[in-house]
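The structure appears right after this line, and notes come after that.
Convention: sequence-line order gives letters A, B, ...; per-chain numbering from 1. Values in this document were obtained by computation on a predicted structure and should not be read as measured data.
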Amino acid sequence: MAAPRVRFAPSPTGSLHVGGARTALYNWLFARRHGGTFILRIEDTDVERSKKELTQQILDAMTWLGLSWDEGPFFQSERQALYREAADRLLAEGRAYRAFETAEELEAQKKAAEAAGGSFKYDGRGRSLSKEESDRRAAAGEKFVLRLRVPDEPLVVDDVVQGRTEFPAGALDDFVLVRSDGHPLYHFTVCVDDVAMGITHVVRGVDHLPNAPKHVALFRALGAPCPVFAHLGMILGTDGKKLSKRHGAAGVEEFRSQGVLAEALANFLALLGWSPGEDRERMTLSAMAEIFELERIGPSPSRFDHEKLLWLNGQYIQSTPGERLLELAAPFGLPARDEATLAKGVELLRPRAKTLVELAAGLSVYGEDPAAFEPAGLKKFGKPELAPVLRTLAARLDAVTPFAHAGLEEAARALAAETGVGLGQIAQPVRLAITGSLASPPLFEMIEALGRDTTRRRILAFADRIAAPAAAS
RNA sequence: GCCGCGUUCGUCUAGCGGUUAGGACGCCGCCCUCUCAAGGCGGAGAUCACGAGUUCAAAUCUCGUACGCGGUACCA
């Protein structure tokens, strides 16, 4: 295939939604797969709703995901001359015409049509205006919009994902290209830009599919070949409704702040609608870029399964080097401890943490001594008669040299045997003393990482606490 | 209302005329085990939305119906 040119064209009216992220991802993958060009274009023609900060947020989110663009970002707000030129040309060629009806008039027609049970379509009365009259009224300062003269023939949208759909002649009315205040509208700017940028493949959400025939008509009017379309199914929440904040998180930034790795999110998103076949699932961006094909994208909407994202994220955490993990977890708050200790801690947490948030939380035991103890744990092990055993263990562990997990465990096992209980009966209260919780990474390896002093202090403090339960709060 | 699209285990999906309908998440059980995970092994879970048709043969092709979603702007 000749090097394709694709674009991702978000409008900065919100932060990057995962649906948009997936669209960007597919465009990126497709470009990379075929040695093409990935263009970023910001569709900010709606000045009232577009915000500059949001543009930066979108760029940041894409960068974070690893979706680098080759050209742009281009801003439609800075390309007005191009649209005006195209509009003038279309008008001069008679492919578009001025329509002088006011918005109020149209609104009234629409209301009347609806009242009559029908649907409104612009009747095209502006078509019959002579060039002279049109020019005269425009020169006289009368307000007008520019409408496309939609050809009276069927419009075919050939879509790699959704298949071929034919829209019968007359299905479209002569839609507006340029508003009466001179602002070019979405459909128009999209096509003008796609032509100007030499876009060969348009990959976007199905919500744009109903717009596609308009674009087909526009490309024809512009005298340009139609790009190949690929309309992607929606991403829905678990309830089958369009994914939104209501479902917990819908924006890339939100997942990032939940401690999701960029690689995991990208991998997960890629699998929502696209499948490499051969039961492959875990793949890096570059691995996907080697085999990505638009033809393997499914047409149906898919639900966003947070559980599976978390699982994938856990998988990525497991295979990310500890040093890197520490960097990634830093924004979520790391205890003030030497790096060597934290590095050991990360290794122990690696198979357990599903998110960076969990990783950071798990690392907190290497900081302050536990301030609180799990209620269920206190209920089970907060018995005064356990205090002497714990004190004995504290002393024995303190005497272990070197202070390494094998020896520490041996000491604990010996004490358990002497006391006539299983190791669990000793280890669990100690775990509670050390971490405040009944669930943690392997105890003796944690103790080794924590060091002699901290271990002794925590066990003794806990022993004191359970020895005098009344004093405990 | 009208127009368009979609429909395989709860979820993501493989499948592209003949399969015991495969995998993954989740769930359950077993193993491992100081707890929790991870990991290994095994299991339950899909009359392929429904109804017609084409065919020796249909999850796969065609047409209806139902349900879901999207669109229906001088928004994007």
Side-chain angles (χ1 to χ4, degrees), chain A residues 9-14 43-46 48-50 76 99 101-103 106-107 110 114 117-121 143-147 157 159 161-163 165 167-168 171-173 175-187 189-190 205-213 231 233-234 236 238 240-242 268 271-282 296 298-312 314-315 318 348-354 358 362 377 409 412-413 416 422-428 430-432 435 437-444:
Chain A
S11 63
T13 52
E43 312 217 315
D44 55 352
T45 50
D46 186 344
E48 282 112 57
R49 293 201 298 156
S50 298
Q76 293 196 317
E101 295 79 16
T102 63
L106 260 18
E107 191 57 37
K110 190 175 173 182
E114 273 164 11
S119 59
F120 172 72
K121 253 181 67 184
K143 290 276 184 202
F144 62 86
V145 297
L146 191 69
R147 286 182 183 270
V157 176
D159 189 296
V161 176
Q162 304 289 341
T165 42
F167 295 78
L172 255 52
D173 63 359
F175 57 97
V176 176
L177 265 22
V178 181
R179 301 206 306 199
S180 55
D181 63 4
H183 274 104
L185 254 15
Y186 171 74
H187 299 302
T189 57
V190 164
V206 259
D207 44 333
H208 288 288
L209 187 55
N211 297 150
H231 287 96
M234 291 272 115
L236 311 173
T238 42
K241 304 285 182 207
K242 194 169 177 175
F268 177 76
L271 261 18
L272 242 39
W274 172 76
S275 164
E278 297 171 357
D279 295 331
R280 286 234 271 157
E281 289 212 312
R282 283 191 54 195
R296 290 197 63 86
S300 45
S302 39
R303 300 185 189 210
F304 193 98
D305 184 1
H306 203 91
E307 290 287 333
K308 187 156 184 175
L309 203 214
L310 253 26
W311 167 77
L312 241 194
Q315 293 287 308
Q318 282 195 56
L348 298 179
L349 255 8
R350 180 196 294 292
R352 275 161 264 264
K354 289 258 188 269
E358 285 182 18
E409 178 169 346
R413 280 188 190 281
L423 180 56
Q425 288 302 305
I426 299 279
Q428 281 302 78
V430 174
R431 188 187 309 281
L432 191 61
T435 69
S437 161
L438 247 26
S440 84
L443 184 61
F444 302 102

Consider the side chain of [X], meaning its heavy atoms from C-beta on, and name the nucleotide among [options] that approaches it most closely.
X: A:R179; options: B:G10, B:C74, B:U35; result: B:C74
X: A:Y186; options: B:A76, B:G10, B:C34; result: B:A76
X: A:A439; options: B:U13, B:C36, B:C25; result: B:C36
X: A:M234; options: B:G15, B:C75, B:C69; result: B:C69
X: A:V145; options: B:C74, B:G26, B:G6; result: B:C74
X: A:A427; options: B:G26, B:C34, B:C75; result: B:C34
X: A:A103; options: B:G26, B:C34, B:C74; result: B:C74
X: A:F167; options: B:A14, B:C74, B:G4; result: B:G4
X: A:T165; options: B:G6, B:C34, B:G4; result: B:G4
X: A:W311; options: B:G70, B:G26, B:A76; result: B:G26

Remember a base hit wins even if backbone is also touched, and classify [X] as base, sugar-phosphate or nothing at under 4.0 Å, heavy atoms.
X: A:R282; value: nothing
X: A:L272; value: sugar-phosphate
X: A:E107; value: nothing
X: A:R431; value: base
X: A:Q318; value: sugar-phosphate
X: A:G163; value: nothing
X: A:E281; value: base
X: A:R350; value: nothing
X: A:A171; value: nothing
X: A:P213; value: nothing
X: A:L443; value: base
X: A:P10; value: nothing
X: A:S180; value: base
X: A:S302; value: sugar-phosphate

Mind calculating the distance between [atom1] ([X]) and [atom2] ([N]) to the nearest angstrom?
X: A:H208; N: B:A73; atom1: NE2; atom2: C1'; value: 15 Å
X: A:L348; N: B:A38; atom1: CG; atom2: P; value: 16 Å
X: A:F175; N: B:A73; atom1: CZ; atom2: P; value: 13 Å
X: A:L438; N: B:A37; atom1: CG; atom2: P; value: 12 Å
X: A:E307; N: B:U13; atom1: CD; atom2: C1'; value: 18 Å
X: A:L209; N: B:C69; atom1: CG; atom2: P; value: 17 Å
X: A:D279; N: B:C9; atom1: CG; atom2: C1'; value: 15 Å
X: A:Q315; N: B:G39; atom1: CD; atom2: C1'; value: 10 Å

- Side chain of A:N211, base of B:A76: donor and acceptor closer than 3.5 Å? yes
- Message: Any N or O donor-acceptor pair under 3.5 Å from the base of B:A24 to the side chain of A:K308?
- Response: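 When only heavy-atom distances are counted, A:K308 does reach the base of B:A24 through a donor-acceptor pair under 3.5 Å.
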Within the pair [X] and [N], is there a side-chain N or O less than 4.0 Å away from OP1 or OP2?
X: A:S437; N: B:U35; answer: no
X: A:R413; N: B:C34; answer: yes
X: A:R147; N: B:A73; answer: no
X: A:R352; N: B:U35; answer: no
X: A:T45; N: B:C75; answer: no
X: A:K354; N: B:A38; answer: yes
X: A:Q162; N: B:G71; answer: no

- What pair of heavy atoms forms the shortest contact from A:V206 to A:G233, and how long is it? CG2-CA, 3.8 Å
- Message: Please give me the minimum heavy-atom distance between A:E43 and A:A9, naming the atom from each residue.
- Response: OE2-CB, 3.4 Å
- Message: Pair A:H208, A:Y186 - check side-chain contact (heavy atoms from CB on, under 4.5 Å), show working.
- Response: CA-CA 11 Å; A:H208 288 288; A:Y186 171 74; 2.9 Å; yes
- Item | Spacing of the P atoms in B:C30 and B:A58 (rounded, Å) |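 Their P atoms lie roughly 43 Å apart.
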- Message: Between B:C16 and B:A44, how many Å separate the two P atoms, rounded to a whole number?
- Response: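 Approximately 25 Å lies between the P atom of B:C16 and that of B:A44.
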- Item | Derivation of the side-chain contact (heavy atoms from CB on, under 4.5 Å) call for A:R431 and A:S437 | CA-CA 7 Å; A:R431 188 187 309 281; A:S437 161; 5.9 Å; no
- Task: For A:A353 and for A:P301, locate the closest nucleotide of RNA chain B by heavy-atom distance; then report the residue assigned to the nucleotide nearer the 5' terminus.
- Result: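 Closest to the 5' end, via its nearest nucleotide, is A:P301.
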- Message: Taking the nucleotide of RNA chain B with the nearest heavy atom to each, does A:P351 or A:V176 sit closer to the 5' end?
- Response: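 Final value for this comparison: A:P351.
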- Query: Rounded to the nearest 0.5 Å, how far apart are CG of A:D305 and CG of A:L236?
  - Reply: 12.5 Å
- Task: I would like to know whether A:K308 and A:E281 meet side-chain contact (heavy atoms from CB on, under 4.5 Å); could you show each step before the answer?
- Result: CA-CA 11 Å; A:K308 187 156 184 175; A:E281 289 212 312; 3.0 Å; yes
- Message: Using only atom types and a distance under 3.5 Å, with no angle test, would you say the side chain of A:Q428 pairs donor to acceptor with the backbone of A:L438?
- Response: yes
- Message: Only pairs with both distances under 3.5 Å count, Watson-Crick or wobble alike; so what is the partner of B:A38 in this structure?
- Response: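 Across all strands, not a single nucleotide pairs with B:A38.
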